[in-house]
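Written below as structure tokens is the structure these notes are about.
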Amino acid sequence: MLEIKNLSVDFHTDGGIVHAVQNVNLSMGEGEIRGLVGESGSGKSVTSMTILQLLGTRRARISSGEILFEGKNLLELSSKEMGTVRGREIGLVSQNALSALDPSFTVGAQLVEVIRRHQNVSKQEAKDQALDTFRLVAMPDPEQKLRAYQHQLSGGQRQRVVIAMALAGRPRLLLADEPTTALDATVQKQILDLLLEINQKLGTGILMVTHDFGVVSHLCQTVTVMRKGRIVEDGPAHAMLTAPEHPYTQSLINSVPKLDLEDSMRSVPRAERRLHVFEEISA
Ligand code: ADP
Ligand code: MG
């Protein structure tokens, strides 16, 4: 589905050239959940924002590489073509729900607007879809919440709105950049479970950008580890969590409390994983 080949991205700053991403290769199959992991500044966000061409600065230069999505090189698309990829084929879940939402409109109005941007549907049809999408993201009291403003929602509910907006165009791939970092541990787990459920129900692939191997153990099937703009290790999540090869990967894994890693059994094939989740609930 997604194949990043030999990607390098530089920033031309007043202080010189920053090589933010160097010769990165990363591939994802249909419906795969891949972790993109590394400490702050390692080039994770630049890599994921380059996929959507949302680097947001003229100082950024893609100095090499291709980003193939379903066979087409995204780096060669016009901005108009890229506009239809964003949201409709690849959705973005950002870390900070507050900056993604507009305080002056209800969250329902914002969701309806996104749905109508992606699909040529009537206002009523868009409203019906908004309600369906709120149900999909397990929003409590979904009808009432559509009429709420962001300040009336909890942090976890706001992140559910952001995920609903990312799903509005029914993309095949979600880029989730530290989507739970701002949340406390219990809510973080709920949001990760929601992303898993969406993956299972809709088959949406997820590129999960995180600094936290606890998140990886909860959710990811495969992992790419980055350090200082380069990939240091890549492979199945379970193997990496139990036997990391690179010392940097080892140190990232060692920094996560042991209990949090016990969820790593979830990184097994889908059918089995569903069973594990079920057993936990009934236990
Ligand atoms: P991560 O998401 O892994 O924390 P980033 O991808 O945001 O890291 O950043 C990678 C590197 O690129 C860092 O060294 C960062 O300082 C640099 N960088 C990111 N954005 C810019 C920018 N707009 N201008 C200059 N340097 C940037
Ligand atoms: Mg980042």
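Since the structure is predicted, the reported quantities are computational estimates derived from the model, not experimental observations.
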How far does [atom1] of [X] sit from [atom2] of [Y], to the nearest 0.5 angstrom?
X    : Y    : atom1 : atom2 : value
M165 : T133 : CE    : OG1   : 11.5 Å
L75  : K5   : CG    : NZ    : 12.0 Å
E76  : E66  : CD    : CD    : 7.0 Å
L26  : L7   : CG    : CG    : 9.5 Å
H12  : R61  : NE2   : CZ    : 4.5 Å
E245 : M240 : CD    : CE    : 8.0 Å

Between [X] and [Y] (salt bridge meaning N to carboxylate O under 4.0 Å), is one present in this structure?
X    : Y    : answer
R147 : D141 : no
K72  : E81  : no
R135 : E143 : yes

Are [X] and [Y] packed together at the side-chain level, in the sense that at least one heavy-atom pair is separated by less than 4.5 angstrom?
X    : Y    : answer
V107 : F134 : yes
I67  : L2   : yes
L174 : L167 : yes
R86  : L92  : no
N6   : N23  : yes
N120 : E125 : no
L173 : E89  : no
R170 : H118 : no

Treat each ILVMFWY residue as a node, draw an edge where side-chain heavy atoms are under 4.5 Å apart, and state whether [X] and [Y] are in one component.
X    : Y    : answer
I90  : I206 : no
L52  : M208 : no
V21  : I4   : yes
L74  : L54  : yes
L194 : L131 : yes

Option among Q188, H218, E178 that satisfies the side chain to side chain contact (heavy atoms under 4.5 Å, CB included) test with D212:
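Exactly one candidate clears the test, Q188.
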[X] and [Y]: which non-hydrogen atoms are nearest, and at how many Å?
X    : Y    : value
A60  : F11  : CB-CE2, 3.6 Å
E39  : K44  : O-NZ, 3.2 Å
V161 : L101 : CG1-CD2, 3.8 Å
G71  : L68  : O-CD2, 4.1 Å
R34  : T224 : NH1-OG1, 2.8 Å
G31  : N199 : O-ND2, 2.9 Å

Report the C-alpha distance between E30 and E70 in whole Å, list the side-chain angles of each, state the deciding distance to 0.1 Å, and finish with yes or no for side chain to side chain contact (heavy atoms under 4.5 Å, CB included).
CA-CA 10 Å; E30 200 74 47; E70 323 247 273; 4.0 Å; yes
Side chain to side chain contact (heavy atoms under 4.5 Å, CB included) between Q53 and V85: does it pass, once the steps are laid out?
CA-CA 10 Å; Q53 288 172 49; V85 170; over 6 Å; no
Side-chain H-bond candidate by donor/acceptor type, Q119 with Q129, under 3.5 Å:
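Yes, side-chain donor-acceptor contact under 3.5 Å.
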Give a yes-or-no answer on whether the side chains of D177 and S94 include a donor-acceptor pair shorter than 3.5 Å.
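No, no side-chain donor-acceptor pair sits under 3.5 Å.
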Please state whether the rings of H246 and Y248 are parallel, tilted or perpendicular, taking 30° and 60° as the class boundaries.
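Judged by the thresholds at 30° and 60°, the geometry between H246 and Y248 is perpendicular.
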Any donor-acceptor pair under 3.5 Å linking the side chain of [X] with the backbone of [Y]?
X    : Y    : answer
R160 : M139 : no
Q221 : I33  : yes
Q250 : P244 : yes

Does the side chain to side chain contact (heavy atoms under 4.5 Å, CB included) test come out yes or no for F213 and V225, once each step is laid out?
CA-CA 10 Å; F213 259 100; V225 183; 4.0 Å; yes
Apply the test side chain to side chain contact (heavy atoms under 4.5 Å, CB included) to residues T180 and T210: give CA-CA distance (whole Å), side-chain angles for both, the deciding distance (0.1 Å), then the verdict.
CA-CA 9 Å; T180 59; T210 180; over 6 Å; no
